[in-house]
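These notes concern the structure reproduced below.
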Amino acid sequence: MALIDLHCHLDLYPEPGDVVREAVDRGVYILSMTTTPTAFEGTRKLAQGARRIRTALGLHPELAAARAHELPLFEALLSKTAYVGEIGLDGSRPHRATLERQAGVLLDILFLCARAGGKTLSLHSREARPMLLDLLAVEPMAGRPILHWFTGSAREIRRASELGCWFSVGPAMLLSARGRVSVAAMPQDRVLPETDGPFGQQHGRPLYPWHAMQISRPLADIWNIPAEEVAAQLRSNFRRLSEASQELVDAQAVA
Ligand code: MN
């Protein structure tokens with residue numbers, strides 16, 4: 001049974017090479033994030049020869065204001081990948097002051113993605129969910145948005161779904177009551193597994209890509225269906241997403 005992690009930061013583990021080796025051994029499908037355009041080539045190199053790992057080109061919202069000068073590099077690298085992330089907005093206290101500049105950077109990125117024919121996007125939205133959805137609505141041709149760790153209300157989730165969004169959910173998100181309430185409102189055919197490792201943690205330890213499918217059990221309780229059915233749904237969702245992406249992650253092989 002295939003393991004899948006749609007959002008993790010391979011380059012930020014203390015021993016990235018070991019994590020990649022183990023992920024390859026276990027056959028995990030991974031969407032590997034980068035936080036800045038300058039990190040992209042190095043992170044992509046980590047996954048060289050790993051056929052189930054795809055590296056996304058990102059500019060993390062916590063860095064977007066300070067690294068806006070990397071947008072030309074982002075533009076230059078964009079044709080090398082069908083995946084973009086981590087991008088988005090962060091309106092939490094330490095980053096609220098730069099929110100307008102973050103929004104400017106995000107709009108530029110969404111425009112570039114639309115001009116490139118659409119990408120698969122992994123988006124951060126902490127304390128900025130309505131604004132993020134507004135920006136996605138401005139540029140609907142940017143591609144397929146995956147809202148990562150999206151702790152929205154039922155109303156926000158409905159709006160996001162109408163905008164074509166997917167939702168990536170990890171074990172750490174399901175540890176909080178708020179996260180569980182959000183997941184209960186998500187359409188089951190739009191949910192994907194993630195870890196957000198090494199930031200996503202469980203029992204005080206970082207999650208690894210092969211842990212993402214552990215959400216099947218808590219989701220089974222929330223959705224009131226058997227865990228095996230949840231796992232099958234998550235795999236079928238991943239297959240559909242992969243088929244919609246320009247660059248197929250040998251989607252047919254996801255058993
Ligand atoms: Mn992340």
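Computed from a prediction, not measured in an experiment: that's the story for all the values here. Atoms within each ligand, like the ligands themselves, are counted from 1 in listed order.
At least one N, O or S atom of His7, from either the backbone or the side chain, sits less than 2.8 Å from the Mn ion (ligand 1).
Rounded to 10 degrees, the OD1-metal-NE2 angle spanning Asp196 and His9 at the Mn ion (ligand 1) equals 90°.
Put simply, the residue from His124, His7, Gln201 that forms a side-chain hydrogen bond (donor to acceptor under 3.5 Å, both in side chains) with Asp196 is His7.
Not one N or O on the side chain of Lys119 forms a donor-acceptor pair closer than 3.5 Å with the backbone of Arg144. Checking side-chain atoms of Thr98 against main-chain N and O of Arg101 turns up no donor-acceptor pair under 3.5 Å.
Under the 30°/60° scheme for interplanar angles, the aromatic rings of Tyr208 and His211 are found to stand perpendicular.
Summary: OE1 is the N/O/S atom of Glu86 found nearest to the Mn ion (ligand 1).
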